[in-house]
Structures are given as C-alpha cells and as structure tokens.
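Start at 1 and go down the list; that is how both ligands and their atoms are numbered.
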Amino acid sequence: MAEIQLRDITKRWGSFFGVKDLNLTIADREFLVLLGPSGCGKTTTMRMIAGLEDATDGDIMIGGQRVNDLDPKDRDIAMVFQSYALYPNMNVYENIRFPLKVRKIPGAEHDERVKRAADMVELGEFMHRKPSELSGGQRQRVALARAIVREPNVFLMDEPLSNLDAKLRVSTRAQIKNLSHELKVTTIYVTHDQIEAMTLADRVVVMERGLVQQVGTPTEIYDHPANTFVASFIGSPAMNLMQGTGTGGVFEGANVRIAGLTGPDGPVTLGFRAEDAAVGGGAEITAPVYTLELLGDATMVTVKAGGALVSVKAPKDFRAEIGDEVAISIPAGICHLFDAQTGARLETA
Ligand SMILES: Nc1ncnc2c1ncn2[C@@H]1O[C@H](COP(=O)(O)OP(=O)(O)O)[C@@H](O)[C@H]1O
Ligand SMILES: [Mg+2]
C-alpha cells in the first residue's frame, strides 16, 4: 500500500520558487504523469519525493508515513532516469542484480528475480552482454529491469524515453504501459511530451513555472482545459485560440464570427480543436490557406485569420493551394471560452 500525499510542497532557492504550494494525492497503484515545459519544476518535485532534494516547506507522505526526514534508501522507491547510469563493466545480469546485493536480499532469490525482471522487459537473451554491446533502447530496458527487480512500493521515472529515437520511444512507451499494468505499483512519471502523458497516465498533472495548472484524467484535460496554457500545451496540433469580443452570444474577431455561444459580453479568448471544426459549411471563418500538411489519414489545413494561425482537420483527399480562400465551419457547441486577461476557462452554460 503506497499512497503518496504531497501537502503544500514548496522548493525555494533564495527568492526563486522551483515548486510552489504543490498539493496532490497519488492513489496506491496509480500511474501519475507530471507534464510541463522544461524548467516547470517536474524533476524538482520528483527529487523531493525521492529524498534527493529537501523540501523547503510542506509534508511528503508515503503510505501514511511522513518521509521528509528519511534517507532516499529508506523510502522504498526505485528510480529510472533519462541517463541509464549502468555499470559499464558489469553485464546485463549483474547490472539488474546490483540493487539486490546492495539491499542484502538473500542470494538464493537473486537468480529467479533477475530472470523475471529481465523477461518482463524482453532482455532474457542478453544477460551476458555489457552495456556497450547494447542499443540505447536495450540499455534503457536494463535500467527499467534494475528498478523492477527491487519490487519497490513506488516507481519514479524522469523522462526515461527522451534519449531514444522516435520509433523506439513509441515501442518503449507501449512496453512501459503494459509493464505498469502488470506490476500495479504506484508510479510517478515525468515528461515534457504531452503524447507520452496522454497515452500513459491514469491522471496528468500539468505544471508551469512551479505551479500546478490542472490535475485530471487525460480525457478531462483534453476536453476541459482549465486555462489557455493547458489548452495550448495539450493536443497535436494545440487548441486553436483566437482573440475577439462577445456580444449577446455572438463572438467576433478578425475574419471570424460565431453565433449561438453562451458567454459574457466583452473581450474573450475563443478556443476550438482542429478535429472539431470542418472545411466548408457554416463559414464562421473565411481566410486564406497558410499551409497544408498531408498526414496520411487526414489533411491539416492551416489558415491565417487576422493575426492567428488556425488549423482544421480536413478529409485526407482535401487539397487547396496556399493563398486560396477557404471557409471553415465552427459550430458553437465545440467552442471553449477563456478569460481574455487571465486565460482561465469560462464555464459556458
Ligand atoms: N539547485 C538549484 N538551484 C537553483 N535553481 C534550480 C536548482 N535546480 C533547479 N533549479 C531551477 O528550478 C526550476 C525547475 O527545475 P526542474 O525541476 O529541473 O525543471 P523540469 O524538470 O520541469 O525541467 C528551473 O528553473 C531550474 O533552473
Ligand atoms: Mg527535468
């Protein structure tokens, strides 16, 4: 049983806050992803949970026990980092076995546990190789196996895929997802990659500048972003955002007019996703094509409406020339509204 509670966690260096007033409960066996741009405080949060960094303020609870004053080795946590940090002179078997030796686990158990961990990450055939004889993906899997072999209460993973090439990242991501389903261990996973977050997480914590912006399931943060930061960070492409003015349920901005909205009068930021709009139809936007991208299963059409670039997903056989005027339909029902000043989501009735 390893529920983790972070109560008002703050990390401050002088007057700079790396993490500020973080409150979060991570359920036993949950897979939680910390997501945000570089420098937002993800690694700092992780290092405080691991005990590698002291929290300036707040309580860190693991399994109901306050662990702020416990050494990292006493927290029953296994970590996997971006750099694999394998021992170059040890073969795969000995690298995976190392934590068992350090922890003085009875030798009779080693062989079975090492083999089981290696099999889980499909390294069974490579036991006698040195790290230098492995690919990057295989090395990262050794690091995973070395974490698994300990059977810890908590896994912390900090950008474990970021040294892998794009294809390997996708396959290793799938393996981590499958592994976490089998192991059922509380996991905190750090990434700046929103696709990794969306595909792996039970819940995502979106951070920016040391502050939590939103906590929710992937579906919640995708469908109901709490503010324009989350809206523009999640999704590929990001949510389209346009400045304009609401008047009696009509939104108007440069090259755009949408009727039938429920929102306040005055300046407002409108948002909608590329796949929710369509080319043709209601012509809420009419603007010249800025670029056209063939995605295979669809064609992404980007137009320039006033100062804003707006992307719409069109059928895969849609074609147009750059500069052609196209009409885009944006039904009121797919629109999100945000406060023009603060960026906070406005709940539309
Ligand atoms: N030891 C330190 N002293 C001062 N500032 C630090 C220290 N470690 C990290 N920071 C700063 O704290 C912020 C958060 O860092 P970090 O948690 O590593 O971000 P992330 O992992 O999200 O990229 C960054 O602005 C970073 O420069
Ligand atoms: Mg980091």
For atom 24 (C) of ligand 1, grab the closest protein heavy atom and report residue, atom and distance to one decimal in Å.
-> Gly39 O, 3.6 Å
Is a salt bridge present between Glu94 and Arg97, judged by a nitrogen-to-oxygen distance below 4.0 Å?
-> yes
Between the candidates Arg209, Glu53, Lys42, Met207, which shows the shortest non-hydrogen contact distance to atom 22 (O) of ligand 1?
-> Lys42
Any N/O of Thr43 closer than 3.5 Å to an N/O of ligand 1?
-> yes
Could you tell me whether any N, O or S atom belonging to Thr44 is less than 2.8 Å from the Mg ion (ligand 2)?
-> no
Is Gln341 atom CD crowded by more than 12 heavy atoms from other residues, nucleotides or ligands, each under 6.0 Å away?
-> no
Quick one: does Met198's side chain get under 4.5 Å of Ile234's, heavy atoms only?
-> yes
Step by step, would you call Asn153 with Ile62 a side-chain contact (heavy atoms from CB on, under 4.5 Å)?
-> CA-CA 9 Å; Asn153 264 325; Ile62 300 179; 5.6 Å; no
Give the numbers and elements of all ligand 1 atoms closer than 4.0 Å to a heavy atom of Phe16.
-> 11 (C), 12 (O), 13 (C), 25 (O)
Which residue supplies the protein heavy atom nearest to atom 17 (O) of ligand 1, what is that atom called, and how far is it?
-> Thr44 OG1, 2.5 Å
Just wondering, are more than 12 heavy atoms of other shown residues or ligands nearer than 6.0 Å to OH in Tyr290?
-> no
Using non-hydrogen atoms of the residue, decide whether Cys40 is closer than 4.0 angstrom to ligand 1.
-> yes
NZ/NE/NH1/NH2 to OD/OE distance under 4.0 Å, Asp119 and Lys115 = no
Is there a protein heavy atom less than 4.0 Å away from atom 27 (O) of ligand 1?
-> no
Establish whether atom 6 (C) of ligand 1 and some protein heavy atom are separated by less than 4.0 angstrom.
-> yes
Protein heavy-atom partner closest to atom 10 (N) of ligand 1 - residue, atom, separation in Å | Trp13 CZ3, 3.3 Å
So is Gly18 polar-close to ligand 1, meaning N/O to N/O under 3.5 Å?
-> no
Separation between CE of Met79 and CZ of Arg150, rounded to the nearest 0.5 Å = 7.5 Å
Quick one: do Arg203 and Glu30 make a salt bridge, cutoff under 4.0 Å?
-> yes
